[in-house]
Every structure is written in structure tokens, then in C-alpha cells.
Amino acid sequence: MKFLFVMLLVSVIPLLFLGLRSVVMNKDLSSTITKISSDAHSTAILDKQIQVSKGLAEAIDDYFATVHQNVLVVTSSIRKRDITSLQKRRVIESVYATSRDFLAVKVEDKGSKFYFSTPPRWNFNVEELRKLISKASPGNFVLSSPYFTDSFIAVDYCYSWKKGSYIFVVLSLNRIVEKLKNAPSNVDEEVFVVDSQGRIVIHPDFEKMKRKEKLDYISLIKDFASSFQMMSAEFNGPRNIPMIGAVVPSRQSGWGVVTWQTKSTAYAPIAQVKVYVKNYTHRLLKIGVLQLIIIIIISFMASFILSKNVSNPILELSKGALRVAKGDFSMPVKVKSKDEIGELAKIFNSMMVELKRYIDMQADKLDALVFSIREGLVMIDEKNRIILTNEEGRKILLLRENSIGRALLDEIKRPEVKKVISSLLESSDERTKGEINFVQEGVGKFFEVQNYPVKTREGSLIGSILTFRDITIEKQLAQMKDDFLHSITHDLRSPMTSIRGFLEILLDESVGPLNEEQKNFLRIMDESSEKLLTLINNLLDISKLEAGKMPLHLKETHLDKVVKRLVEFFKPQADSLKINLVFETSNEIQPIMADAVLIERVITNLISNALKFTPAGGKITVSIKDD
């Protein structure tokens with residue numbers, strides 16, 4: 001396989017490199033073409049939008065220049081003093097009649113007290129008239145915001161040639177609106193007019209015009225409102241949609257003509273170019289990949305045929321080694337070649353036979369060892385799967401004959417046994433113990449379970465061994481001992497209590513006087529009975545301790561005082577035995593919580609044992625240290 005792999009690498013890697021290089025070059029070329037097309041298209045769109053806006057801005061300037069020229073004709077005739085008021089009215093009516101954009105005209109000259117309006121029934125907006133008069137300065141005209149009247153889109157025009165004298169004209173903007181409607185040449189392109197504050201004043205969509213939407217939040221409109229200069233850019237439009245557009249100012253009106261379009265629509269031709277380039281690149285890639293696959297197949301076939309004769313014997317040896325590693329010695333290696341590899345195969349087969357014989361011998365020894373153990377034994381791997389078990393282990397756990405290789409906990413049927421073994425397996429302590437009891441063949445059984453981890457020489461855990469030791473007889477003997485001690489101590493305590501009671505009555509001479517010798521005998525009997533009762537009480541205390549029912553009367557106890565008192569008590573006995581009994585304490589001992597009676601009994605036993613086993617001339621040191 002390695003030889004085949006090397007052959008493939010030698011033939012395929014260069015081809016793969018060239019193929020990948022071609023793909024990268026195609027992608028770079030595609031990206032470059034797309035970028036150049038995109039930049040050129042963007043410049044063309046912006047130039048075209050500037051031209052559209054510029055043409056409409058010039059049309060608006062021409063429109064108001066013509067209006068202003070007609071207004072100047074009217075004002076020049078009004079200012080003449082050598083013509084009559086009737087002649088002035090005829091001039092105004094003539095200009096009104098010849099100008100199709102004049103909807104109404106109103107003149108007020110306070111100097112000559114000339115007032116006139118046409119048509120007579122026109123309802124002028126007095127409030128708007130006052131606003132415009134307040135803004136107008138001599139020699140200049142001002143405009144209102146466009147509005148709707150009848151079937152016209154109108155704007156109010158106010159010109160003042162001196163203070164108190166003005167001409168007020170209602171102009172139709174329908175011609176400008178028609179120009180805006182006819183201006184867009186691309187799909188989704190909008191052309192409209194905004195004022196110096198960025199508010200829509202003329203729009204082909206009358207609903208947008210009525211709302212007078214303010215667009216100063218859009219960067220293009222905002223920059224125009226602040227500079228009143230021609231500009232074009234890409235920007236985010238309403239609802240944050242990417243757009244491209246231009247705005248050109250109209251000097252006469254103070255408005256700006258906006259032409260914009262969404263980038264997705266504007267760049268649709270570029271998208272077509274991208275699709276074309278992508279498809280073409282994809283076709284090139286498919287042709288290259290197909291050629292590469294054909295060459296790889298040819299290389300693979302040639303390499304396979306070449307490597308088959310060279311590597312087959314090695315592969316056969318590798319398979320044989322793998323079977324041996326798995327413990328399968330049933331199939332020898334078959335190599336027909338007469339060269340060194342054939343000789344190696346013969347040696348390998350001989351090794352396999354010897355290895356199988358050795359493993360069988362070791363397995364027989366292990367089986368004999370395991371099955372000779374009288375205790376129950378179960379060996380499991382690191383995943384708690386059963387590796388080996390003897391007859392006693394199968395009987396205790398009720399394991400099936402085919403349980404080898406299965407999870408131990410899944411094979412255990414008794415819940416109480418499963419609970420104990422599960423806790424042992426989960427414990428992190430080595431050689432943990434547990435106890436199980438159940439009824440087996442109609443008899444109660446107790447088993448001590450112990451878990452022994454099995455590790456390699458390097459310390460890696462590879463499993464564990466569970467042993468089951470029958471402790472039923474030990475349990476029964478312990479129970480019999482407990483029952484015997486409990487019975488005998490209770491049976492002895494009652495008569496001994498009665499004997500001591502009668503001895504106290506005799507010593508008190510309640511039943512008659514006693515001589516000194518009789519009293520001495522009775523005291524000896526009382527002391528002996530007290531010792532015997534103490535012994536009985538000790539036996540009862542032992543039974544209580546083993547049963548876990550020993551009551552403790554805890555209170556604050558000064559241990560140094562207790563020990564000092566007991567040492568002083570045993571001092572005469574130590575002196576008689578010629579033993580030096582001393583008490584030492586290195587620092588101040590803090591009081592502890594303890595049962596004073598029981599702790600005194602413990603220390604008494606320790607000192608008594610020390611006196612019993614210390615030879616004459618020896619020294620006993622009783623010391624306390626608070627650590």
C-alpha cells in the first residue's frame with residue numbers, strides 16, 4: 001500500500017498542483033474582470049445620473065427664469081407713471097394669458113395704490129401670501145412649498161421690487177412633474193426634487209409628495225443640504241437599502257434634483273457578467289477536473305498492477321501478524337515467492353506454531369489456578385466486561401455460561417448483589433471491600449466481596465479481580481458469641497445485684513450486730529462482688545459497642561486532671577512494684593468533649609497494662625500533648 005501510495009503521489013501531486021493553480025488563476029481572473037466591470041459600471045451610472053439631474057435642474061432654472069422674465073415685464077409696466085391703471089391691467093392679463101404656467105396673478109403696489117388680481121374668482125391663500133411677503137426682499141423672489149390645487153401641482157411665487165410693492169403668482173409645476181416622470185431610463189430609478197432642508201417637494205409619486213418626507217438622514221441628501229453643491233455617491237437609502245445616486249442644485253429655486261437607484265438594480269448587468277464569468281470558469285474547472293480524474297485513474301491502475309507483485313507478500317505477512325496480535329493462530333501465512341520474503345514467511349509460520357503452544361500452556365496453568373480456588377472469583381477488564389470466572393463465582397452471581405465478554409453489572413440478576421458490586425467498582429480506593437447476603441438453596445449466605453485492581457508494570461489499569469469469600473460461618477459464630485455474652489451477662493447481673501444488696505444490709509447491721517472479723521469478711525465479699533459486677537458491666541459494654549448501641553454522655557472534660565488523678569491512684573501500687581510512675585504534660589491542655597466515665601476506664605486500662613508488663617526498676621511515663 002505504501003508503494004502504491006508513493007507511486008500515486010509522484011504522479012498525482014504535480015497534476016493536482018497544476019489543477020489547483022489553474023483554478024486559483026481562473027478565480028483571480030474572474031474577480032479582476034468583475035471588479036473592473038463593477039468600477040466602470042459604477043462610474044457610468046453616476047455620470048448618467050448626474051447628467052439626468054443636471055438636465056432637470058437646468059430645466060427648472062429655465063422655467064423660473066422665464067417666469068421671472070414675465071414678472072419683470074409686468075412690474076416694469078406697473079412702475080411706469082405715464083400709463084393708466086386700465087393699461088396696466090391689460091398688460092397683466094396679456095402676460096397671464098400668454099403664459100400657460102400662470103394659474104393666477106395678484107399685484108399690490110401701495111406706492112401708486114394699484115391693486116389687481118386675475119382671474120377674479122381665484123381664491124388666494126392669504127396666510128401663505130403673508131409668509132412670502134415677510135421673506136421677500138426688494139429685487140428678489142421667494143417660493144412656497146409645492147402643493148396640490150384642483151388638477152395642478154402649484155407653487156406660490158412672490159416678487160417685490162420695493163417695500164410694500166409685490167407681485168404674487170400661482171405657478172403650475174405640471175410640466176416639471178412630467179419631465180421628472182419621463183426622465184428615468186432604468187428600472188427602479190427615481191427622479192425627484194428636494195428643498196434646501198432635504199424635504200421632498202416634487203415627486204412623480206404624489207403620495208410621497210403629499211407626505212413631504214424629510215430625507216436629511218440619508219448621507220447624500222444631508223451633504224447636499226449642508227453644501228448646496230452637485231455630488232454623487234453610493235449610500236444607504238430608505239430602510240437602509242444600498243443605493244447609488246446623484247443630486248444637482250437648481251440655483252433659481254434653491255432646490256436640488258435627485259436621481260437615485262438601488263444598487264441591486266443598478267448592478268444587474270454586472271451580476272450577469274459575474275454569472276457568465278462564473279459559468280465559464282466552472283466549465284473550465286469541470287474540463288480540468290475530468291482530465292485530472294482520467295489521468296489519476298490511469299496512474300492508479302498502473303501503480304496498482306506494479307505494486308501488486310511487489311507488495312502482496314508483505315501484505316500477507318502483515319495480515320498474518322494482525323491475526324496473531326488478535327490471538328488467532330489458525331491460519332498460516334501463504335507466500336509463494338521463492339525470495340527472502342518467502343523465507344521470512346516460513347520463519348513466521350514456525351514462530352506462530354511455537355507461540356500458540358506457549359500461550360495454550362499458559363492458559364491451561366491460569367485455568368487450573370483459577371478453578372482450583374475455592375472462593376468465588378471474577379476477572380473483568382477496564383470496561384467492566386467479564387474476562388474470566390470460576391464455577392463458584394458463576395454460582396454466587398448466577399452468571400450464564402456465555403457471559404464472558406459481557407458487562408458484569410448487566411449479567412447480575414440479584415439487585416442487592418448488583419448494588420454492592422456497583423459501589424465497589426465506582427470506588428476510587430484500592431482493595432475496597434463489601435458484604436452481600438442472600439438466600440442460596442434455601443439457606444442464608446454471607447459473602448465478603450473485595451475488589452483488587454489489576455495493573456501493568458507501568459502502572460496502567462487494565463481491569464480488576466473480584467473475590468467472594470464465604471463468611472457465613474464467621475457471621476453465625478459472631479452471632480452465637482454475641483447471644484452468649486448477652487445472655488450470660490444478663491443472667492449473672494441480676495443475682496449479683498441481689499448479693500450486693502444483701503451484703504450492704506448485713507454490713508449496715510440492720511439484721512443484727514456483727515463482730516469485727518465478720519465485718520472484715522463481708523467487706524472482702526462486697527469488694528469481690530463489686531469487681532465481678534464491674535466485669536459483667538464491661539462485658540455488657542463490649543456487646544453494646546459491637547452492636548453500635550453504646551450510649552455516650554458527652555460533656556466538657558479536663559483530660560489532664562483525669563490522668564493526674566489516676567496516676568496518683570496507681571502511685572502506691574507502682575511503688576510497691578518498684579516502678580517509677582510519672583505524669584508529664586508539655587503545655588496547657590484544653591478541655592475536650594468526652595464521656596468522663598468511659599475515658600477514665602480507657603486510661604485505667606492503659607496504666608494497669610503498663611504496670612503489669614513493666615519489670616521492677618522500670619519507668620512508666622504518662623504524658624498528654626495537645627496537637
Side-chain angles (χ1 to χ4, degrees), residues 319-331 352-353 355-479:
K319 291 177 182 178
L322 184 61
R323 290 196 298 271
V324 170
K326 293 181 178 178
D328 182 9
F329 303 95
S330 60
M331 187 182 298
M352 187 188 303
V353 172
L355 186 60
K356 183 178 184 305
R357 188 173 65 81
Y358 176 77
I359 290 176
D360 290 342
M361 183 177 64
Q362 295 300 320
D364 292 340
K365 290 181 180 179
L366 180 60
D367 288 344
L369 177 64
V370 170
F371 285 97
S372 64
I373 297 175
R374 298 185 62 183
E375 296 181 352
L377 184 142
V378 176
M379 184 175 181
I380 57 176
D381 61 13
E382 70 277 7
K383 295 183 179 179
N384 297 334
R385 293 175 300 197
I386 301 172
I387 300 175
L388 187 67
T389 179
N390 63 3
E391 184 64 29
E392 188 65 21
R394 284 197 296 271
K395 187 186 298 183
I396 294 170
L397 300 180
L398 300 180
L399 299 178
R400 298 177 295 176
E401 290 292 336
N402 60 345
S403 59
I404 302 298
R406 301 178 184 272
L408 175 61
L409 294 178
D410 294 341
E411 294 296 304
I412 299 175
K413 306 304 179 185
R414 293 189 175 104
E416 64 275 15
V417 177
K418 181 183 289 189
K419 182 178 180 181
V420 173
I421 293 179
S422 176
S423 63
L424 286 177
L425 295 177
E426 292 173 1
S427 175
S428 59
D429 297 333
E430 294 188 357
R431 297 193 177 185
T432 52
K433 292 183 180 181
E435 188 177 299
I436 58 175
N437 63 86
F438 52 82
V439 177
Q440 186 179 30
E441 299 177 356
V443 180
K445 289 284 187 177
F446 292 86
F447 290 91
E448 180 186 78
V449 189
Q450 190 160 0
N451 183 25
Y452 296 90
V454 179
K455 297 182 179 180
T456 63
R457 293 180 179 179
E458 292 76 21
S460 300
L461 183 67
I462 59 173
S464 58
I465 295 176
L466 294 170
T467 60
F468 300 84
R469 187 170 68 88
D470 191 343
I471 57 171
T472 305
I473 295 178
E474 296 176 15
K475 283 284 186 180
Q476 292 173 349
L477 289 174
Q479 186 63 42

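These figures come from a predicted structure and were not determined experimentally. Throughout, numbering of the chain's residues begins at 1 and tracks the sequence.
Annotation: side chain of Glu435 is in contact with side chain of Ile471 (closest heavy-atom distance under 4.5 Å). Counting heavy atoms from C-beta on, the side chains of Leu425 and Asn384 come closer than 4.5 Å. Residues Leu461 and Val454 are not in side-chain contact: their nearest non-hydrogen atoms beyond the backbone lie 4.5 Å or more apart. Side-chain atoms of Phe447 and Ile396, non-hydrogen and from C-beta on, do get closer than 4.5 Å to each other.
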Exercise for the section: Please test Gln450 against Leu466 for side-chain contact (heavy atoms from CB on, under 4.5 Å), starting from the C-alpha separation and ending with a verdict. Expected result: CA-CA 6 Å; Gln450 190 160 0; Leu466 294 170; over 6 Å; no
Handout entry: Worked verdict on Phe468 versus Leu377 for side-chain contact (heavy atoms from CB on, under 4.5 Å)
Key = CA-CA 6 Å; Phe468 300 84; Leu377 184 142; over 6 Å; no
Practice task
Dump the intermediate steps for side-chain contact (heavy atoms from CB on, under 4.5 Å) on Lys433 and Glu448, then the final yes or no.
Solution key: CA-CA 7 Å; Lys433 292 183 180 181; Glu448 180 186 78; 4.1 Å; yes
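Rounded to the nearest 0.5 angstrom, Ile404 CD1 and Glu411 CD are separated by 9.5 Å. We find the NZ-OG1 distance between Lys395 and Thr389 to be 12.0 Å, quoted to the nearest 0.5 Å. For the atom pair CE (Met379) and CG (Leu408), the distance works out to 13.0 Å, reported to the nearest 0.5 Å. Distance OH/Tyr452 to CD1/Ile465: 9.5 Å, rounded to 0.5 Å. In this structure, the separation between CG on Leu398 and CZ on Arg400 is 12.0 Å, given to the nearest 0.5 Å.
Taking Ser464 as the reference, Asn451 meet the side-chain hydrogen bond (donor to acceptor under 3.5 Å, both in side chains) condition, with sequence neighbours excluded.
Residues Thr467 and Glu375 approach most closely at CB-OE1, 4.2 Å, considering heavy atoms.
Under a 3.5 Å cut-off, the side chain of Ser422 and the backbone N or O of Lys419 do not form any donor-acceptor pair. The closest donor-acceptor contact from the side chain of Arg394 to the backbone of Gly376 lies at 3.5 Å or more, if one exists at all.
Of the residues Leu409, Asp410, Ile436, Leu397, the one that meets the side-chain contact (heavy atoms from CB on, under 4.5 Å) test with Lys418 is Leu409.
Between Arg469 and Glu474 there is a salt bridge, since at least one side-chain N of the basic residue sits less than 4.0 Å from a carboxylate O of the acidic one.
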